[in-house]
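Protein chains get the first letters and strands the later ones, always in sequence-line order, with residue 1 at the start of each.
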Amino acid sequence: MQYAQVLINLPFDKKYTYSFSTDMRPEKGDRVIVPFGKKNRKGIIINVQKELPDGVDAEKIKNIEKLYPEYFRLTEFQFEIARRIWRYYLSSYSQALFTVAGAFKPVRIKKKKLTSNPYTPFLLNKEQESCVREFNESDNNIFLLHGVTGSGKTEVYFELISQVLKNKKQILFLLPEISLTPQLLKRFCDRFGEDICVFNSSLSNGERNYAFKAFKDGKVRILLGTRSAVFLPAQDLGLIIIDEEHENTFKQQDTPCYDARMIANWRVELEEVRLVMGSATPRMESFYKARRNIIKLLSLEKRADNRKMPEVNTVTMGETDKVSKNISRRLYNSINESLQRREQVLIFINRRGYSSFVMCQACNEVIRCINCNISLNYHKKLDRLLCHYCGYTKRLPEACGECGEPELKLIGSGTEKLEDELSKLFPEKNIFRVDKDTSSKKDFYFDFFEKMKQRKIDILIGTQMIGKGFDFPYVTLSSVLCADFILDFPDFRSAERTMQLLIQVAGRSGRGIEGKVIIQSYAPDHYAVESAVRHSYQYFYEKEIESRKIMRFPPFISLVRLILRAKDKRNLFSSSREIVRILKESLPAKDILGPAEAPISYIKGRHRFNILLKLSSNRKKYYKVIRNILENNYKGVDIKIDVDPVDMF
DNA sequence: TCCTTGGTGATT
DNA sequence: ATCACCAAGGAG
Ligand SMILES: [Zn+2]
Ligand SMILES: [Zn+2]
């Protein structure tokens, strides 16, 4: 008789023992479906043995229900990555292992068809060439490619990729969002033919399985994927590229809160791989490492093809003349100029929906979500109020719930409101909106790119997603309507995030034809705004790094955030105090921040508290205390651990 | 008395 | 995580 010890995807690490039918040959690393409690669950075999393990009742043992095909068997490499996640990100080992293994269903593989129109590659310019040369000559295996927007980072990537292909090795290319895939995939196919595969959550189960197997077997040499693709095993990996490395989407928000950029670093240690991270606005952490030669800096300081950087102007809101609620006279005139030349305009606004809150005219009461401590947003298209944190929705009430006043004001503008404003100002122009509400439709991005390319869109408005690395040559004006909104966030990275947004949005303008940028701001003198005006990332970096040093924030220390959640606020408060008391017993008080109410103190019916730990040295000491706390049981309180958090919400 | 709610324990 | 079980407490 043989027994398989199986881990189930649970927040604790207990091995369960199963038997199996004689025609099955399961081995360590095999993925299985097993009966567990009332229903079947996914499992991973961590051991197969002849003896029944101690303390297991032979009567209770059930048979493995289903064995995944052999190509899904986890490799030693995958086990090692899981071990590192478990240790570094403080999750359970089984959560780490399941994260590395990925979500697959044992269905028939299905190949996705691709088409390509091959062309002769362009010659690199001097700067691009010297990046490639420095890459080849460096002893370092990790690189930061810092290139201004429009400097042709992709051309450098392509040259590095073609070198790796000549050596018959594989390439893993990560990008922050699915929405960037279609545009880039086309460029990849045209350059490298059909030796390429996509891996992200838009694939069907069969297509995912094909991509997994093909890359693992070395049948496909280039893989283009999002965050979770960083775990894909390869036959012979030569290069990992992380494009737009500053994007927070590389960090997973639920347990284990891993960072794909960290996993890629680990792969450099484990495999014979080099890593290139590219951005016009790198994370402070990355640039700091580059400055200290821990990683090698490659720079592109000019736009490709002698194209000029767009001229950036600021408009001081509150002092300036406006043509409508969100549009200054200056911006209006510039939009007109671009449109008269039949060019395109791109406008960024931070919120979706119509208005961000509804306030009573008489008593100033704001309508809030019943599950969250946050105002409800009004969506005109739905004609309903909507919570952006939990999805709660209700009709706009006839009158104020507090005082009965029938007049309610809509305050704070979103994409829908801006769409309204612009269609009144430019009634005969085509205005197109991109946000979470419009982009959920299938093939949305495909249609959107086609329309942009064929200039069927005159004014493009959108949230975060329009600032992310798109290349639209006819955009000659880009604008941020309110540059300051992030600056008010209670987060030490708010200035960095503002700088990144402004430089990225500015970077969408003037990529084909000379263009300009207008930033509307209440604080145009802030160094984050100033850095965008000067097109100088370094200007920002020098100022920000000083403040990080003085304030003891990354990159000078590491952070671990404990997020405590509970239904009962009193209980949460006393548990938080108790946890901080335990922390203070073995850690210096200056390294413990909190407990503090989270910026959004109540989400989905749970109150939230944050405790922030600053780890300067001796990581082990801190981890030991945290592990101890996780082993205690604070009833009714859920503790989530976020190592190297990218936000504080 | 019936029914909802919260805490506890087990899952192989 | 998920589910069953049991005890407690409130409405009828
Ligand atoms: Zn009122
Ligand atoms: Zn809500």
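Between the NZ atom of A:Lys42 and the C1' atom of B:dT12 there is a distance of 20 Å, rounded to whole Å. With rounding to whole Å, A:Asn40 atom CG is found 13 Å from C:dC3 atom P. Following rounding to the nearest Å, A:Gln49 (CD) and B:dT12 (C1') show an atom-to-atom distance of 12 Å. Nucleotide C:dA1 holds its P atom 13 Å from the NZ atom of A:Lys39, rounded to whole Å. Taking atom CD1 of A:Ile61 as the reference point, atom P of B:dT11 lies 12 Å away to the nearest angstrom. For the pair A:Arg41 CZ and B:dT11 C1', the computed distance is 10 Å after rounding to whole Å. Distance CG (A:Asp568) to C1' (B:dG6): 12 Å, rounded to an integer number of Å. A:Tyr634 has its OH atom 23 Å from the P atom of B:dG6, to the nearest Å.
As judged by a 4.0 angstrom heavy-atom cut-off over every strand, A:Lys14 is placed among the base-contacting residues. Nucleic acid contact for A:Tyr18: sugar-phosphate only, since backbone atoms but no base atoms lie under 4.0 Å from a heavy atom of the residue.
When the nucleotides C:dT2, B:dT12, C:dA1 are ranked by their closest atom to the side chain of A:Leu10, C:dA1 comes out on top. Nearest to the side-chain atoms of A:Lys60 among the listed nucleotides C:dA1, C:dT2, B:dT11 stands B:dT11. Which of B:dT12, B:dT8, B:dT11 sits closest to the side chain of A:Lys635 comes down to B:dT8.
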Mind listing the side-chain donor-acceptor pairs of residues 41-50 of chain A below 3.5 Å, one per line with the distance, residues two or more places apart or on another chain?
| from | atom 1 | to | atom 2 | distance (Å) |
| --- | --- | --- | --- | --- |
| A:Arg41 | NH2 | A:Asn9 | O | 3.2 |
| A:Asn47 | ND2 | A:Gln49 | OE1 | 2.8 |
| A:Gln49 | NE2 | A:Glu51 | O | 2.9 |

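With the nearest nucleotide of DNA chain C identified for both A:Phe12 and A:Lys38, A:Phe12 has the one nearer the 5' end.
For A:Asp383 and A:Arg395, the salt-bridge test fails: no basic side-chain N is under 4.0 Å from an acidic carboxylate O.
Taking the six-membered ring for Trp, A:Phe104 and A:Tyr68 have ring centres at least 6.0 Å apart.
Of all the heavy atoms in A:Tyr89 and A:Ile641, the pair that sits closest is O-CG2, 4.3 Å.
Listed by first and then second residue, the side chain to side chain donor-acceptor pair (under 3.5 Å) pairs involving residues 607-616 of chain A are A:Arg561-A:Asn610 (not counting sequence neighbours).
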